[in-house]
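Residue numbers start at 1 and run along the sequence shown. Owing to the predicted nature of the structure, the values given are computational and were not obtained by experimental measurement. Indexing begins at 1, ligand by ligand and atom by atom, following the structure's order.
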Amino acid sequence: MAFKIGLLGLGTVGTGTAEILLNPAGRNALLGEVEIHRVGVRSLDKPRAIALPPEIVTTDVEGIIEDPEVDIVVELIGGIEPARSLILKAIASGKHVVTANKAVIARHGDEIYTAANKAGVYILLEAAVGGGIPILQPLKQSLGANRIQRITGIINGTTNYILTQMKEAGRDFADVLAEAQQLGYAEADPTADVDGFDAADKISILASLAFGDRIRYEDIEREGIRQINTTDITYADRLGFAIKLLAIAQKDSHTRNSLQVRVGPTLVPYKHPLASVNGVYNAIFVEGDPLGEVMFYGPGAGKGATASAVVADILNIVALLKSIDTSKGVHPLYGCFHQDYATVTPIEELETKFYARFLCGDRPGVLGHLGTCFGNNGVSLESLVQIGFQGDRAEVVVVTHDVREGNFHRAIDAIHQFESVDDIKVASILRVF
Ligand code: NAP
C-alpha cells in the first residue's frame with residue numbers, strides 16, 4: 001500500500017518535490033512506497049515545468065485536505081493565509097503535515113503544534129530553516145544530549161548574497177538588490193529578507209527547538225541590512241571582520257533562565273567560520289556542552305535543495321507510520337511539545353561588542369569628548385582609530401569590549417550632547433560577534 005501525498009503548491013519547491021517523488025530510482029527505497037495523489041495550485045492555466053496527469057492537479061485545495069485517501073499533506077504555498085488555515089484543517093482531518101513555511105510556524109506554531117499533538121499527527125518542517133541543510137532533526141535528535149549554549153546562523157540567502165556582492169564588487173546596497181531581484185535571488189518586495197523578518201522567523205524556530213521554550217515573535221530584536229554601506233564594509237575588512245546578517249539565540253550568561261534572541265548585521269571576525277559563508281549559502285553554528293562547536297553549511301534555498309529537505313520529512317513520516325502505532329501519540333523525537341514561552345532578555349541588558357563610526361570636526365577636544373562619554377558610561381574601548389577623512393571630517397572608528405547595550409546607547413546619547421552637535425556625527429553602529 002502506497003502512502004499518498006496531497007501536495008499543496010507547485011511552485012519552486014513544489015516542483016522540486018514532485019520531481020524527486022516521480023523519480024525515486026537510486027534514492028531511499030521507502031520512496032517507492034510514496035505516491036503523489038493530488039496537487040493543489042492557484043491557477044490551472046499556468047505553464048508548468050513538470051508534466052503531471054491533469055486529473056490530479058486542482059485548485060480545490062480544501063478537497064485535497066478532506067480526501068480520505070491522503071495520508072500526508074505537503075504545504076508548499078507559503079505565507080500566513082491560507083497556509084495556516086489549511087494546515088489546521090489538515091490536522092483536524094487527521095493528516096500528517098510537511099511544510100517549508102517558516103513564517104506560519106514562527107508566528108502560529110503554538111496553535112499548530114497544540115492541535116497536532118492533540119490529533120496525534122506529525123508536523124515536520126526541515127525545509128523551513130536553512131533550505132537543504134539538515135538542522136532541525138539534527139537539533140532534536142543528533143544533538144539531543146547537549147546543553148545548547150548558543151545558535152548563530154546566516155539563515156537568509158538573499159541578504160548574504162547582497163552583503164557578499166557589496167563587499168566583493170564594492171557596490172551599493174540598492175544596486176546589488178536590483179541585480180538580485182533580476183536574478184531571482186530577491187523578491188519583488190524584498191522586505192521579508194532585507195529587513196530581517198525571514199531570519200527572525202527562522203531563529204525563533206531554531207531557538208525554540210534548541211532551548212525548549214516557545215518564542216514570541218515580537219520579543220526578537222530585529223534589524224535588517226538596508227543601512228549597510230560600502231564604507232563600513234571596507235573599514236570592517238581593514239579591522240579583520242566581514243559584515244554578516246546574523247541571527248543569534250543564546251542563553252543569557254547572567255540569568256541562565258532567559259534567552260537572548262536577535263537578528264542584525266554584525267561584524268564577524270575572519271577567523272570565525274561564519275565569516276567565510278558567502279553568496280546565497282547558509283550556515284548554522286551550534287555551540288553545546290559537551291560537543292563544543294559544530295557548523296551546518298549548505299544551500300539555504302533553491303528548488304532541489306529545499307525539496308531534498310521536504311522529501312526527507314515525508315520519508316521520516318512514512319518510516320514512523322510503518323513502524324509505530326500512531327494511536328499511542330507522536331514519537332517524542334519528531335514532535336514538538338513545548339508549552340511555555342521563553343523569557344527573552346530586554347535588548348538594553350544584552351552584552352556585546354560594538355563597532356561605531358563617527359565623522360568628527362577638526363576641533364580640539366572632539367576625540368577626548370568621545371573617550372570621556374564612553375568612559376563615563378562604563379564602555380571600555382578595544383580600539384579607537386582615526387581611519388580616514390570624508391571631506392574635512394575625520395572618520396573615527398571605535399570597537400568596544402563587551403558592554404551592556406544600554407550603557408553603549410547612553411554613551412552615544414552623551415556624545416550627541418557635545419557643545420556643537422555638528423562636530424561629532426554618528427555615521428553607523430553595528431554589533432561585533
Ligand atoms: P512559489 O514558487 O511562489 O510557489 C507557491 C505555489 O503555491 C504555487 O504553485 C501557487 O500556485 C501555489 N499557491 C499559492 N497560493 C495558493 C492558494 N491560495 N491555493 C492553492 N495554491 C496556491 O513558492 P516557493 O518558493 O515554492 O515556496 C514555497 C514554500 O517554501 C514557502 O513557504 C517558502 O517560504 C518555502 N521555502 C522556499 C524556498 C525556496 O528556495 N524557494 C526555500 C526554503 C523554503 P500557482 O503555481 O498556480 O501560482
**OP:** Could you tell me whether atom 3 (O) of ligand 1 has a protein heavy atom closer than 4.0 Å?
**Re:** no
Subject >> Under 3.5 Å side-chain donor-acceptor pair for Q149 and E287 >> reply: no
Original post:
Are D237 and T234 close enough that a side-chain donor and a side-chain acceptor fall under 3.5 Å?
Top reply: no
**OP:** For atom 23 (O) of ligand 1, decide whether some protein heavy-atom distance is shorter than 4.0 Å.
**Re:** no
**OP:** May I ask you to identify the nearest protein heavy atom to atom 40 (O) of ligand 1, giving residue, atom name and distance to one decimal place in Å?
**Re:** G302 N, 2.7 Å
Original post:
Quick one: do K95 and D71 make a salt bridge, cutoff under 4.0 Å?
Top reply: no
**OP:** Examine the proximity of ligand 1 to V61 and report which part, side chain or backbone, both or neither, has a heavy atom under 4.0 Å away.
**Re:** side chain
Subject >> Lys/Arg N to Asp/Glu carboxylate O, E382 vs K353, below 4.0 Å >> reply: yes
Original post:
Hey, is V41 touching ligand 1 through its side chain, its backbone, both or neither, going by heavy atoms under 4.0 Å?
Top reply: both
Original post:
Among protein heavy atoms, which sits nearest to atom 17 (C) of ligand 1, and what does the distance come to when rounded to 0.1 Å?
Top reply: I77 CD1, 4.1 Å
Subject >> Ligand-side contact atoms (ligand 1) for residue partner G9, heavy atom cut-off under 4.0 Å >> reply: 6 (C), 7 (O), 9 (O), 12 (C)
Subject >> Region of K46 engaging ligand 1 - heavy atom pairs below 4.0 Å >> reply: side chain
Original post:
Under the 3.5 angstrom rule, does the side chain of N28 hit a backbone N or O of L30 as a donor-acceptor pair?
Top reply: yes
Subject >> For G78, the ligand 1 atoms whose distance to one of its heavy atoms is below 4.0 Å >> reply: 31 (C), 32 (O)
Original post:
Quick one: which of V13, N282, T99, T59 has a heavy atom closest to atom 38 (C) of ligand 1?
Top reply: V13
Subject >> Pair R171 + E179: basic N to acidic O under 4.0 Å >> reply: yes
Original post:
Under the 3.5 angstrom rule, does the side chain of S308 hit a backbone N or O of G132 as a donor-acceptor pair?
Top reply: no
**OP:** Take every heavy atom of E75, measure it against each atom of ligand 1, and state whether any distance is under 4.0 Å.
**Re:** no
Original post:
Under 4.0 angstrom from ligand 1, any heavy atom of R48?
Top reply: yes
**OP:** If you have a sec, work out which protein heavy atom is nearest atom 43 (C) of ligand 1 and how many Å separate them, to one decimal?
**Re:** T306 CG2, 3.4 Å
**OP:** Would you mind checking if D232 and R357 are paired as a salt bridge, meaning a charged N to carboxylate O distance below 4.0 Å?
**Re:** yes
Subject >> Polar contact flag for G11 and ligand 1 (N/O pairs, less than 3.5 Å) >> reply: yes
Subject >> Close N or O approach (K303, ligand 1; < 3.5 Å) >> reply: no
Original post:
So, E33 and K322, do they make that salt bridge, N to O below 4.0 Å?
Top reply: yes
Original post:
Going by the atom numbers of ligand 1, which of them fall below 4.0 Å from some non-hydrogen atom of N101?
Top reply: 32 (O)
Original post:
Going by the order shown, which atoms of ligand 1 are within less than 4.0 Å of some heavy atom of L10?
Top reply: 6 (C), 8 (C), 9 (O)
Subject >> Which of the ligand 1 atoms, numbered from 1, are nearer than 4.0 Å to a heavy atom of P82 >> reply: 18 (N)
**OP:** Just jot down the ligand 1 atoms closer than 4.0 angstrom to any heavy atom of L76, in number order.
**Re:** 5 (C), 6 (C), 7 (O), 28 (C)
Original post:
What protein heavy atom is closest to atom 30 (O) of ligand 1, reported as residue, atom name and distance in Å?
Top reply: A100 CB, 3.4 Å
Subject >> Heavy-atom neighbours of Y281 OH exceed 12 at 6.0 Å >> reply: no
Subject >> Side-chain donor/acceptor of E75 to backbone N/O of G78, under 3.5 Å >> reply: yes
Original post:
Looking just at side-chain N and O atoms, do T15 and E19 make a donor-acceptor pair shorter than 3.5 Å?
Top reply: no
Original post:
Any chance the side chains of Y235 and E395 put a donor and an acceptor closer than 3.5 Å?
Top reply: yes
Original post:
Relative to Y355, does R431 satisfy both conditions: NZ or CZ under 6.0 angstrom from the six-membered ring centre, and within 45 degrees of the ring's axis?
Top reply: no
Original post:
Between K102 and ligand 1, which residue portion shows a heavy-atom distance shorter than 4.0 Å: side chain, backbone, both, or neither?
Top reply: side chain
Subject >> atom 10 (C) of ligand 1 [closest protein heavy-atom partner, distance rounded to 0.1 Å] >> reply: R42 NH2, 4.1 Å
Original post:
Taking only heavy atoms of A127, which atoms of ligand 1 are found under 4.0 Å from at least one of them?
Top reply: 43 (C), 44 (C)
